[in-house]
Structure formats: structure tokens, C-alpha cells
Chemist: 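Can you read through this structure? Questions will come right after.
Worth saying up front: this structure is predicted, and the values here are computed from it rather than measured. Residue numbers start from 1 in every chain, and the chains themselves are labelled A, B, ... in the order their sequence lines are given, proteins ahead of strands.
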2 protein chains.
Amino acid sequence: MLQITRDGEYAVRAVLFLASQPEGKISLINEISEAQEVPKSYLSKIMQHLTRSGLVKSRRGAKGGFVIGRPADTITLRETIEAVEGPIFLNVCLIKKGECHRDVFCPVHPVWKEAQKRLFEVLDSKTMADLVKDASEIEKSNAEDKKHRN
Amino acid sequence: MLQITRDGEYAVRAVLFLASQPEGKISLINEISEAQEVPKSYLSKIMQHLTRSGLVKSRRGAKGGFVIGRPADTITLRETIEAVEGPIFLNVCLIKKGECHRDVFCPVHPVWKEAQKRLFEVLDSKTMADLVKDASEIEKSNAEDKKHRN
DNA sequence: CTTAATCAAGACTAAAATCATCCTAATTAT
DNA sequence: ATAATTAGGATGATTTTAGTCTTGATTAAG
Ligand code: SF4
Ligand code: SF4
């Protein structure tokens, strides 16, 4: 359907949440689930993937939980999504040369290549650090709006 | 999976085929299916959608078949895909305001908006007429390559 | 060393989407 | 009439999506 799955969406919410936590703060599944409105048991599955990919670090047992795995300014939106959904290909012919044998003469093939490139430009350019900053600016702006509505 | 479906892919192939036919030439399901390597019975379902959307015109009965429904330079890649897949939304929050209630404070929302805009720029800018032209240029270039490989 | 807390791993499931196929009906030219 | 074609809908296999649940492993602390 040319739409990101809940896996990808929830992964972004989770990583973004961890990125917004103070250094060293350990977050529990419960916290993340409630704050980001993701079903707890589903989220736990997603966190496993994110842990295996290194985007987050986990510790089991008492005082365990999750922290972000790398500096937030080194984690892009695309990387987060692909960590749980696998690599993005807008059409099968982008998977690899010859995946669709028509690619050698197909005039649509280069268009998909370009479309994907442009999409990646956007998803690669936003890091989790950027998004945390954006969030605080939106919050500030919303507070301003509220004041002006009096 | 953030990938166009076979419906969309096959629709593009079919419309492109019709766009490349000489004015007035009527094409049969069989011809289109063979030339574009799309399962015949599946294609027939897709042609129905394309007909209802006006992108192609059909005539039943003897001497019937399909022709393109509008000038090829007025049909974009995006329109063709959306005719069979429905409108494209890279994430649910793009469907409409409030579809995701977090959109008012979510820093990722504007990124999806931008990503979709960029994607549309590419898919809207290519018409079937462009693609037919591109195809003939690719063919010419491939023939050249072949000659030089001697 | 026991226990409570917490994540890891994988089995399981319901519903929907995907990718088709097939049959019957309607239409059209000859 | 008849042959050629598309229209429409029923059907179906497979995969994906979006989750839940249970059991096991690990850890800190008393
Ligand atoms: S766009 Fe062209 S190359 Fe890509 S899958 Fe379709 S036919 Fe193959
Ligand atoms: S990106 Fe933000 S607004 Fe869009 S669906 Fe996710 S949470 Fe909602």
C-alpha cells in the first residue's frame, strides 16, 4: 500500500522517546508504551529488534530497561524504520539489478530510482536529535498559541 | 512494506502500453498481457479499474478492446497508480488532520508531509507521454551499445 | 540464596491485504 | 445466430500485519 507499517511507526516513537530522555536515564517498557501510546506487548517485540540492531541497549532484571544505543544525532529516521521493517524499496526493481528483468529497457525504472532517492534524502536528513529539538520548538509554539487565544 | 503493489505496477505497464500504441489502435487483453508480462486474468481485473477511472476506454464484443482514455501527456504516473491502489499516504497521519491525534505535537509528522511532497513531485512530473519518449530513447541507446560491443 | 523485577524469545492468532483464477453475463460486429 | 470480447463477481491460497501470551533468562538487592 506504499505506507509505513505500525512496526516502523512505533519504532520511531520508541527511539525518539529514548533520545529525549536525560543521559543515563533507564526507561521501562511500561513507560515507553504509555508515553508513546504503543501496545505494551507489541512494543516489547519491537524493542527486541531495535536492541539487536544496536539502536537501543537493554538490560534485563531488576533496575533493567532501555537506553538509546548511540548518540541521537547519529540515528536517522530512515535507519530507525529500516531496523524493524528491513530495507525500503519503493518497487521490486530497486532491490537489485535484474530483480525485474525489464529494468534494462523500462522507462519507469529510472523514475522509481529517483523517487526513492528523494524519499531517502528526507528520511536520511532527520536525526533523532533533530526531532527532539523540533518537538521542543513545537511545544513552545503551541504554548504561545494558547496564550494568544485568551 | 512501503512498496507499490503489483496492482499499481501492472496498471502502469498497461497504460504505458496503450499510450505507446498508434492513435486509434485497439488493444486486446491478450496483447497487453503478453507484451507487458502480466497474468491475463489478473490484468483483466486491473483494466476494469482503469476503465472505471477513465484512464482507459473499453469496448466489448467483436472488434472490442482497449484504448487510452485521455491524451498521454495528461496522465501522470501517480494518477495511474492511485487509480488502482487508491490515494497514496506514506503514513496514516497524512490521510487527514486528526487521523493521528498526535499530529499536533509530533515532530515526525512534518517530515512525512515533506517526504510525501517530494515523492509526489517525482510521480506527478512524469506523464505517460514522457515515458513513451523515454522508452524510445533507451531503446536507441541500447542499440548503440550493442553496435559498440562489436 | 531467594526473590522480585525486567527483558528475550518464540509460539500463537485473527484479520486484512495481496495476488491471483474462474465462471457467467452482457455487449458488439459480422 | 454466432463468435469475439470485456464486465463483474465469487472464490481462494498465501503472506503480511498487528497484536497477545507464555516461558525462560538475567540482574540487583535484601
Ligand atoms: S518499473 Fe520497470 S523495471 Fe521496475 S518493476 Fe516495473 S517493469 Fe520492472
Ligand atoms: S508521525 Fe507522528 S503524527 Fe504521524 S502517525 Fe506517527 S505519531 Fe502520528
Chemist: Are OP1 or OP2 of dA18(D) and a side-chain N or O of Tyr10(A) less than 4.0 angstrom apart?
Modeler: no
Chemist: Only one of Arg78(B), Arg118(B), Lys117(B) clears salt bridge (charged side-chain N to carboxylate O under 4.0 Å, His left out) with Asp124(B); which?
Modeler: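 Testing Asp124(B) for a salt bridge (charged side-chain N to carboxylate O under 4.0 Å, His left out) against Arg78(B), Arg118(B), Lys117(B) leaves exactly one candidate, Arg78(B).
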Chemist: How long is the line joining CG of Leu43(B) and P of dC22(C), in whole Å?
Modeler: 15 Å
Chemist: Taking donor-acceptor contacts at under 3.5 Å, does the side chain of Lys45(B) reach the base of dG9(D)?
Modeler: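 Check passes, donor-acceptor contact within cut-off.
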Chemist: Picking from dA4(C), dT26(D), dA7(D), which would you name as closest to the side chain of Arg60(B)?
Modeler: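 When the side chain of Arg60(B) is considered, dA7(D) is the closest of dA4(C), dT26(D), dA7(D).
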Chemist: Is the distance from OP1 or OP2 of dT16(D) to the nearest side-chain N or O of Arg6(A) less than 4.0 Å?
Modeler: no
Chemist: How far apart are the C-alpha atoms of Lys63(A) and Ile26(A), what are their side-chain angles, what is the distance that settles it, and do they pass the side chain to side chain contact (heavy atoms under 4.5 Å, CB included) test?
Modeler: CA-CA 8 Å; Lys63(A) 296 282 165 73; Ile26(A) 293 180; 5.8 Å; no
Chemist: Test question: given the 4.5 Å side-chain rule for I, L, V, M, F, W and Y, name all other residues clustered with Met1(A), or answer none.
Modeler: none
Chemist: Looking only at heavy atoms, what is the nearest atom pair of Pro107(A) and Ile138(B), with distance?
Modeler: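 For Pro107(A) versus Ile138(B), the nearest heavy atoms are CA-CD1, 3.8 Å.
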Chemist: Between dG19(D) atom C1' and Ile29(A) atom CD1, what is the distance in whole Å?
Modeler: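 For the pair Ile29(A) CD1 and dG19(D) C1', the rounded distance is 14 Å.
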Chemist: Would you indicate which nucleotide in dG19(D), dT26(D), dT18(C) comes nearest to any side-chain atom of Pro39(A)?
Modeler: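 Per side-chain heavy atoms of Pro39(A), the pick is dG19(D).
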Chemist: How does DNA chain C read in dot-bracket, base by base from 5' to 3', with Watson-Crick or G-U pairs under 3.5 Å and | used when the partner is on another strand?
Modeler: ||||||||||||||||||||||||||||||
Chemist: Would you indicate whether the side-chain heavy atoms of Lys133(A) and Asp73(A) approach each other to under 4.5 Å?
Modeler: no
Chemist: Gly61(A) or Ser41(A): which one's nearest nucleotide on DNA chain C is closer to the 5' end?
Modeler: Gly61(A)
Chemist: Name the closest nucleotide to the Tyr42(A) side chain, picking from dA9(C), dA3(D), dG19(D).
Modeler: dG19(D)
Chemist: Just N and O in the side chain of Ser58(B): are any of them under 4.0 Å from OP1 or OP2 of dA7(D)?
Modeler: yes
Chemist: Output the single nucleotide from dT6(D), dC7(C), dA18(D) whose closest atom is nearest the side chain of Leu28(A).
Modeler: dC7(C)
Chemist: Quick one: is dG8(D) close enough that its OP1 or OP2 comes under 4.0 Å of any side-chain N or O from Arg52(B)?
Modeler: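 It does, given that an N or O in the side chain of Arg52(B) lies less than 4.0 Å from OP1 or OP2 of dG8(D).
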